[in-house]
Number of protein chains: 2
Amino acid sequence: MSSDHDLDRPDIGARPDGAAAPGANLLALRGHNAALLLGLLRAAGEEGASRLELAERTGLTPQAVSKITARLRADGLVVEAGRRASTGGKPRTVLRLVPGARHAVGVHLDRDEIVCVLADLTGRPTAVRRAPLDFGAGAEAVLATTAGEVAALREAAGGPPVLGAGVACPGPLDHATGVLRQVTGAPQWDGFPLREALAARLGLPVVVDKDTNAAALGLSRASEEVGGASFAYLHLGTGLGAGLVLGGSLYRGPHTGAGEFGHQVLQLDGPRCDCGRRGCVEALCLAAVARGDLPAAARVLGVAAANLVELLDIDRVLLGGRTVLAHPEVFRDGVARELADHAALRGRPPAPGSDPGAAPAVPVARARGGARTVADGAAELVLTGLFR
Amino acid sequence: MSSDHDLDRPDIGARPDGAAAPGANLLALRGHNAALLLGLLRAAGEEGASRLELAERTGLTPQAVSKITARLRADGLVVEAGRRASTGGKPRTVLRLVPGARHAVGVHLDRDEIVCVLADLTGRPTAVRRAPLDFGAGAEAVLATTAGEVAALREAAGGPPVLGAGVACPGPLDHATGVLRQVTGAPQWDGFPLREALAARLGLPVVVDKDTNAAALGLSRASEEVGGASFAYLHLGTGLGAGLVLGGSLYRGPHTGAGEFGHQVLQLDGPRCDCGRRGCVEALCLAAVARGDLPAAARVLGVAAANLVELLDIDRVLLGGRTVLAHPEVFRDGVARELADHAALRGRPPAPGSDPGAAPAVPVARARGGARTVADGAAELVLTGLFR
DNA sequence: TGCACTTTGGCAACAGCGTTGCGAAAGTGG
DNA sequence: CCACTTTCGCAACGCTGTTGCCAAAGTGCA
């Protein structure tokens, strides 16, 4: 029933040797096109898409789409679901993704809690577990808890096929190798090969990433309209961080260091920050929060967000984190005001005939999903490998 | 002598319809692998690379490499050049890129001057022409001058095969469509389809980009060591701009707006900038230059550069532009100092056993190449399409 | 000098990709 | 009921990288 291709073992995680081996053979070609069609079908959602629509949007011939979707149907990932209205000939058959055909585990390792989700192919969680966790208690305890939670989650869901596990943690780490670095307040994790250790423990492929990155990826997916857009998620909790989705995929930088947003200097010779520098956004923002001046905090965040938008041509901003979610409107409105001012100045006289993409202000909203945002995004780290 | 594939007509420039059609067929596969091998051979330079080395680095089988390089040799792009020392068996045959097999035109349309280069496949210019130009004089005059200069350049070089022309201009534009937007001080260019117009005039495929982007791409290539690195070029002349090369390729953002570096706010409620905001780097930096305080200007630039490095995990920074080149050491040292401070604070105690990639300061240097930097980079806009 | 061994790299057959040509299936409209 | 349109699968095909095999071209020891 299941044909022989490798959809059940997607190429999760970057190569540890660092050196890319991007030579493409026929298998890679097949995988690429299959992922492409799956991506379009996922974006099409309930409505589905016909073979000819897929052919137009990919540039593949209709016959190629037929062959590829036949394989996907044989694997149970896609089904025929109804037909469109006829336009004078045979009506188009609608193809739809089967959300439950595969699942991915998402794990959020927070400092005091572990959240695990089992997400279907659309990214929607079908099962959730939460448990207290002492991230500082050391590797063995955390690994054991994680393995137990994931096993319980899979069992409770009836043991559906699982592609892999995405794991999001705080602090710096190397995504390519899955090795943690100097985690603030938990020095014993420094240099720990979390990816390998968890992969062995869970018996699943594992991807590791920063919590803000996972959140950004998940939120980018959830509010997606057009592919290839650029998007920023700003997280203001006990600290300030960001996740960047550029050109449709997470931008991590060569050492998984991208997105360090909190220590952008926004005020030369400003107040000293814990990091040693002066005038960091995080320091300014949290100081304003501490003295109860939320509008000021929102304004500071807004100016920093406008810098980001200006520098990276960002299309959409989402805000999250405990501090923001405690007063979501204040922050949303404050940031929106700064972005509107920025857009007004940037677009000078909004040229009438020209591309209107540059003139309007970049939209801001609070992140939906609440406490599960990071875990959902962690699952998305795995699912991303299946789609394109 | 020339086989039938499309190396002479690479897919230059993005699709105008915006929607990607990324379906891959066998032709795309062939092109990908050929570009990959050409890229490795270009990086190998004079030393060349053997078939087996190429196979190891791409993940392709040796036989596939043999077939692909045979096609490249038939096209004259690659030659056999000597052999390596034997290691107990038949010695490896060395393959080398033939720099002069194809050329690319690079055009820098500046406000008062046009610079044209003819670059070989390594990016090295083999011919240069410069002429005065009034960019504000309108499209027809500029097109005529450009066409004349390019024709003269090609003729003077003996009419070698030319892949296309890269054109770099000031001001905002849309790379995907090749349409200019509101150019400061030259409103008549707004909405002008420069790419189409020039392509028709020159009879060549044309790519259009911002001058800072072209410069960044060219400089990134010239000082390249490892692929996939991230790199920033900061240009301080009459204004302040940047070009970003992320993951080995130019990052333009969805609307070719990325790299707007000058109006990053660096001082909340600072002095007013021409753009309407307060405390922009450009305003701060140029004010310091105007009052003769170059170290202060360099420091401001350095803080902004550190922000960039922090946010995007940048590996290397190059400085250019008239103001910088007038006092290169002052700016280099000032920026280097800020980046060193930043690295010292970021890397906290540089962990002994861990990846040393995070600890050392990001290197800064002045851009080499002088007045030809942008034109060289413009040629690279075309060449990039051939390599991977 | 001869011969065994190692290593490179081409020839030929092959599996599998998307493409092309064509016809069956399944509608609309007069 | 029939002509027409449109969708979509079957079969043959060209071309990709892969595999099996062997010739070429060295080294190193007898």
Side-chain angles (χ1 to χ4, degrees), chain A residues 3-7 21-37 48-75 78-96 388, chain B residues 3-7 21-37 48-75 78-96 388:
Chain A
S3 65
D4 63 336
H5 51 98
D6 53 350
L7 284 169
N25 54 21
L26 291 170
L27 215 99
L29 182 73
R30 177 173 69 177
H32 172 90
N33 285 337
L36 188 63
L37 293 184
S50 78
R51 291 174 177 81
L52 286 175
E53 286 161 22
L54 294 173
E56 276 177 38
R57 298 184 55 179
T58 56
L60 296 170
T61 61
Q63 187 59 21
V65 172
S66 276
K67 283 192 178 181
I68 296 164
T69 54
R71 288 198 298 265
L72 296 176
R73 285 193 298 149
D75 275 2
V78 167
V79 287
E80 296 191 342
R83 31 190 58 180
R84 296 234 186 285
S86 167
T87 61
K90 178 175 176 176
R92 302 183 169 184
T93 311
V94 174
L95 299 173
R96 267 217 301 257
R388 200 145 311 175
Chain B
S3 64
D4 62 336
H5 53 97
D6 54 349
L7 283 167
N25 53 22
L26 290 170
L27 214 98
L29 183 75
R30 176 171 71 176
H32 173 90
N33 285 336
L36 188 63
L37 293 185
S50 77
R51 290 175 178 79
L52 286 175
E53 286 161 23
L54 294 172
E56 277 177 37
R57 298 184 55 179
T58 55
L60 296 169
T61 62
Q63 187 58 239
V65 173
S66 277
K67 282 191 180 181
I68 296 164
T69 54
R71 287 199 299 264
L72 297 176
R73 285 193 297 150
D75 274 1
V78 167
V79 287
E80 296 191 342
R83 29 189 59 179
R84 297 234 187 285
S86 166
T87 61
K90 177 174 176 177
R92 302 183 169 185
T93 311
V94 173
L95 298 173
R96 268 217 301 258
R388 203 144 310 177

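Computation of the quantities below employed the complete heavy-atom set of this structure, encompassing side-chain atoms and omitting hydrogens, waters and symmetry-equivalent molecules. Naming: A, B, ... by sequence-line order, numbering from 1 per chain.
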Separation of atom CZ in A:Arg51 from atom C1' in D:dT6, rounded to whole Å:
14 Å
Spacing of A:Leu95 atom CG relative to D:dG9 atom C1', expressed in whole Å
14 Å
Can you tell me if the side-chain N/O atoms of B:Asn33 get under 4.0 Å from OP1 or OP2 in D:dT16?
no
Can you tell me which nucleotide in D:dA12, C:dT8, C:dG10 comes closest to the side chain of A:Lys67?
D:dA12
Which of C:dC17, C:dT19, D:dG9 is nearest the side chain of A:Arg73? It is D:dG9
Would you confirm whether A:His32, through its side chain, and B:Pro22, through its main-chain N or O, come within 3.5 Å as a donor-acceptor pair?
yes
So, do A:Glu80 and A:Val94 sit near enough that their side-chain heavy atoms are less than 4.5 Å apart?
no
Check whether any side-chain heavy atom of B:Leu60 sits under 4.5 Å from a side-chain heavy atom of B:Ile68, and report yes or no.
yes
Tell me the interatomic distance from B:Leu60, atom CG, to C:dG9, atom P, rounded to whole angstroms.
15 Å
Atom CZ of A:Arg84 and atom C1' of D:dT5: how far apart are they, to the nearest Å?
19 Å
What's the separation between atom CZ in B:Arg73 and atom OG in B:Ser66, rounded to the nearest 0.5 Å?
8.0 Å
Output the rounded distance in Å from CG (B:Leu36) to P (D:dT16).
16 Å
Close N/O contacts between protein and nucleotides 26-30 of chain C (under 3.5 Å):
residue: C:dG27; atom: OP1; partner: A:Arg83; partner atom: NH1; Å: 2.8
residue: C:dG27; atom: N2; partner: A:Gly88; partner atom: O; Å: 3.0

Starting at OG1 of A:Thr93, measure out to CZ of A:Arg51 and round the result to the nearest 0.5 Å.
5.5 Å
Spacing of B:Gln63 atom CD and B:Lys67 atom NZ [to the nearest 0.5 Å]
6.0 Å
Mind calculating the distance between CG (B:Leu29) and C1' (D:dG14) to the nearest angstrom?
14 Å
What's the closest nucleotide to the side chain of A:Leu26 if the choices are D:dG17, C:dG18, D:dG9?
D:dG17
How many angstroms lie between CG in B:Leu52 and OG1 in B:Thr61, if you round to the nearest 0.5 Å?
10.5 Å
What is the nucleic acid contact for A:Thr93, judged by heavy atoms within less than 4.0 Å: base, sugar-phosphate only, or nothing?
sugar-phosphate
5'-most by nearest nucleotide on DNA chain D - A:Val94 or A:Asn25:
A:Val94
How about B:Asn33 and B:Leu29: do any of their side-chain heavy atoms sit closer than 4.5 Å?
yes
Is any side-chain N or O of A:Gln63 under 3.5 Å from a base N or O of C:dC22, one able to act as donor and the other as acceptor?
no
Can you measure A:Glu56 atom CD to D:dC8 atom C1' for me and round it to whole angstrom units?
15 Å
Tell me the interatomic distance from A:Leu54, atom CG, to D:dC8, atom C1', rounded to whole angstroms.
13 Å
Which nucleotide sits closest to the side chain of B:Leu52: D:dC15, C:dC17, C:dT8?
C:dT8
Counting only side-chain nitrogens and oxygens, does B:Ser66 get under 4.0 Å of the OP1 or OP2 atom of C:dG10?
yes
Would you indicate, yes or no, if D:dG26 has its OP1 or OP2 atom less than 4.0 angstrom from a side-chain nitrogen or oxygen of B:Arg92?
no
